[in-house]
Amino acid sequence: MERIVLGKTGLSVSRMGFGGIPIQRVDAEAVCALFDVLVRRGINYIDTARGYTVSEEYIGAAIEGRRDAFILATKSMARTRCAMAQDIETSLRNLRTDYIDIYQVHNPSLEQLEEVCGEGGALEALLEARARGAIGHLGVTAHGLDVFERALGLDWVETIMFPYNIVEGQAEELIQRCKQQNIAFIAMKPLAGGAIEDASLALRYILSNPDVTVVIPGMADVKELEDNAGACEVSALTEADERAIEEVRRRLTGNFCRRCGYCAPCTVGINIPGVFLFAGYLERYGLSDWARDRYAALPVKAGECIKCGACEARCPYGLPISELLARCADEFGE
């Protein structure tokens, strides 16, 4: 597996990493088997999060006795100093380690990112943990372009994670700026939440972009891991690949949310990209309970859509948002 320097962190990482969302649906023994393959394949970048239920714990058990073989990245949705300090200690305990290579602020809104950076904010706890050696480097994960752009202007940010795939290229200019500023770019949602069926094509497309540092497909099956690793060892895209990429784009245009945020603000306050994000987990990741819990926390549900059409007029991809929200309301029951 090709290695690359992770931006200004200086860490040497595999260009394909391991996304720790799907392992919530298997057990610790299965995860240990996956990590045996990771070691054999030379894949060392591991992504997880406090919010991924048992993911940190399973990974902690899997890396015990071979911690130095991996670069560990986790993240927290804590926004205050106190809450972040608690989450850092929980992550260290779950991962069975005394240091975490990269700790990220997990998917803040623009307002929440300002809270993180303000007095009493989560950044204070992160900097304290870094000063004592419990954390090596800091980053931000995002789904909105406004947060991505703001993160590029923060001097403590060393990595940025954002969706990037065949049908989600809305951040390409910002990804280029990451490269220019020596900030590592980590591509999440490489299969667009499972909407792209050809994983090999999807991964090779992403890695053909030299501005992408690491891609992190979520995996919970050994065969899937082997197949993905093999795909990432193939270099250039062929003409047939280019035709297949255009076909994927044609097929998904009109029914796939890129989470660009142009639909906002919703007349009644629905977080439209958030609803579609959780629906993707429900439909394609096999994480029904996890998706339902997060959907339940949304203050305004999809079923409250009044079909005013304001969001559809603003959507640059022409999505039938009202229709899609109605389907989500049926799936989630409200």
Side-chain angles (χ1 to χ4, degrees), residues 4 7 15-17 19 21 47 107 110 139-152 157 159-218 228 231-232 234-264 272-274 276-277 279-281 284-285 311-312 314-321 324:
I4 192 168
R15 281 207 83 196
M16 189 189 92
I21 290 180
D47 173 81
N107 194 28
L110 199 57
V140 171
T141 79
H143 286 89
L145 290 171
D146 56 348
V147 177
F148 192 154
E149 186 164 23
R150 178 71 182 104
L152 283 168
V157 172
T159 69
I160 295 177
M161 183 190 300
F162 195 85
Y164 177 64
N165 53 61
I166 289 172
V167 292
E168 292 184 278
Q170 67 270 22
E172 285 185 343
E173 290 185 10
L174 297 179
I175 295 170
Q176 290 175 2
R177 285 176 56 187
C178 276
K179 183 80 166 185
Q180 293 163 3
Q181 296 178 215
N182 200 26
I183 294 173
F185 176 72
I186 303 159
M188 64 172 162
K189 305 292 185 292
L191 274 63
I196 301 170
E197 297 173 357
D198 189 338
S200 173
L201 179 67
L203 293 172
R204 288 185 289 115
Y205 169 81
I206 293 167
L207 293 182
S208 71
N209 184 342
D211 297 331
V212 173
T213 315
V214 179
V215 60
I216 51 166
N228 287 348
C232 291
V234 177
S235 54
L237 294 170
T238 66
E239 290 185 8
D241 289 333
E242 297 290 355
R243 290 193 295 271
I245 286 165
E246 290 307 312
E247 174 58 22
V248 170
R249 288 176 175 151
R250 186 200 62 76
R251 179 171 55 83
L252 291 179
T253 296
N255 66 359
F256 185 79
C257 175
R258 278 78 168 171
R259 296 181 291 277
C260 65
Y262 291 121
C263 57
I272 296 169
F276 293 154
L277 176 65
Y281 284 120
R284 294 187 286 268
Y285 270 97
C311 56
E312 294 178 353
R314 292 190 292 264
C315 177
Y317 301 101
L319 296 182
I321 295 175
L324 295 173

**Student:** What closest approach, in Å, do I166 and A202 show between heavy atoms, and which atom pair accounts for it?
**Tutor:** CD1-CA, 3.9 Å
**Student:** Of Q170, E172, K189, which is the lone residue that meets side chain to side chain donor-acceptor pair (under 3.5 Å) with Y164?
**Tutor:** E172
**Student:** Going by an N to O cut-off under 4.0 Å, is there a salt bridge joining R250 and E247?
**Tutor:** yes
**Student:** Between E168 and M188, is there a side-chain heavy-atom distance shorter than 4.5 Å?
**Tutor:** no
**Student:** Check the surroundings of atom CD in Q181: do more than 12 heavy atoms from other residues, nucleotides or ligands lie under 6.0 Å from it?
**Tutor:** yes
**Student:** Within the 4.5 Å heavy-atom criterion, are N165 and I196 side-chain neighbours or not?
**Tutor:** yes
**Student:** Quick one, E246 with R243, criterion salt bridge (charged side-chain N to carboxylate O under 4.0 Å, His left out). Give me CA distance, side-chain angles, the key distance, then yes/no.
**Tutor:** CA-CA 5 Å; E246 290 307 312; R243 290 193 295 271; over 6 Å; no
**Student:** Can you measure from SG (C311) to CG (L319) and round to the nearest 0.5 angstrom?
**Tutor:** 9.5 Å
**Student:** Taking atom CD of E197 as the centre, report whether more than 12 heavy atoms of other residues, nucleotides or ligands fall under 6.0 Å from it.
**Tutor:** no
**Student:** Tell me the closest heavy-atom pair linking D241 and A236, and the distance in Å.
**Tutor:** OD2-O, 4.4 Å
**Student:** From I21 CD1 over to I216 CD1, what is the distance, rounded to the nearest 0.5 angstrom?
**Tutor:** 7.5 Å
**Student:** Using a 3.5 Å distance criterion without hydrogens, assess whether the side chain of R15 forms a donor-acceptor pair with backbone atoms of V212.
**Tutor:** yes
**Student:** Say you draw a straight line from CG of N107 to CZ of F162; how long is it, rounded to the nearest 0.5 Å?
**Tutor:** 9.5 Å
**Student:** Can you give me the closest heavy-atom contact between L191 and A199, atom names plus distance?
**Tutor:** CD2-CB, 3.8 Å
**Student:** Assess whether side-chain contact (heavy atoms from CB on, under 4.5 Å) is satisfied between D198 and V248, documenting all intermediate values.
**Tutor:** CA-CA 9 Å; D198 189 338; V248 170; 5.9 Å; no
**Student:** What's the shortest heavy-atom distance between P163 and H143, and which atoms?
**Tutor:** CG-CD2, 3.8 Å
**Student:** Restricting to non-hydrogen atoms, name the atom on L110 and the atom on D146 that form the minimum distance, rounded to 0.1 Å.
**Tutor:** CD1-O, 3.7 Å
**Student:** In Å and rounded to the nearest 0.5 Å, what is the CZ to CG distance from F148 to L174?
**Tutor:** 5.0 Å
**Student:** So which atom in A184 and which in G7 form the shortest heavy-atom distance, rounded to 0.1 Å?
**Tutor:** CB-N, 3.9 Å
**Student:** Backbone N or O of F185 within a donor-acceptor pair of the T213 side chain at under 3.5 Å?
**Tutor:** yes
**Student:** Rounded to the nearest 0.5 Å, how far does CE of M16 lie from CG of L203?
**Tutor:** 7.0 Å
**Student:** Between the main-chain N or O of L237 and the side-chain N or O of R204, is there a donor-acceptor pair closer than 3.5 Å?
**Tutor:** no
**Student:** Could you tell me the separation between the CD1 atom of I175 and the CG atom of D211, rounded to the nearest 0.5 Å?
**Tutor:** 7.5 Å
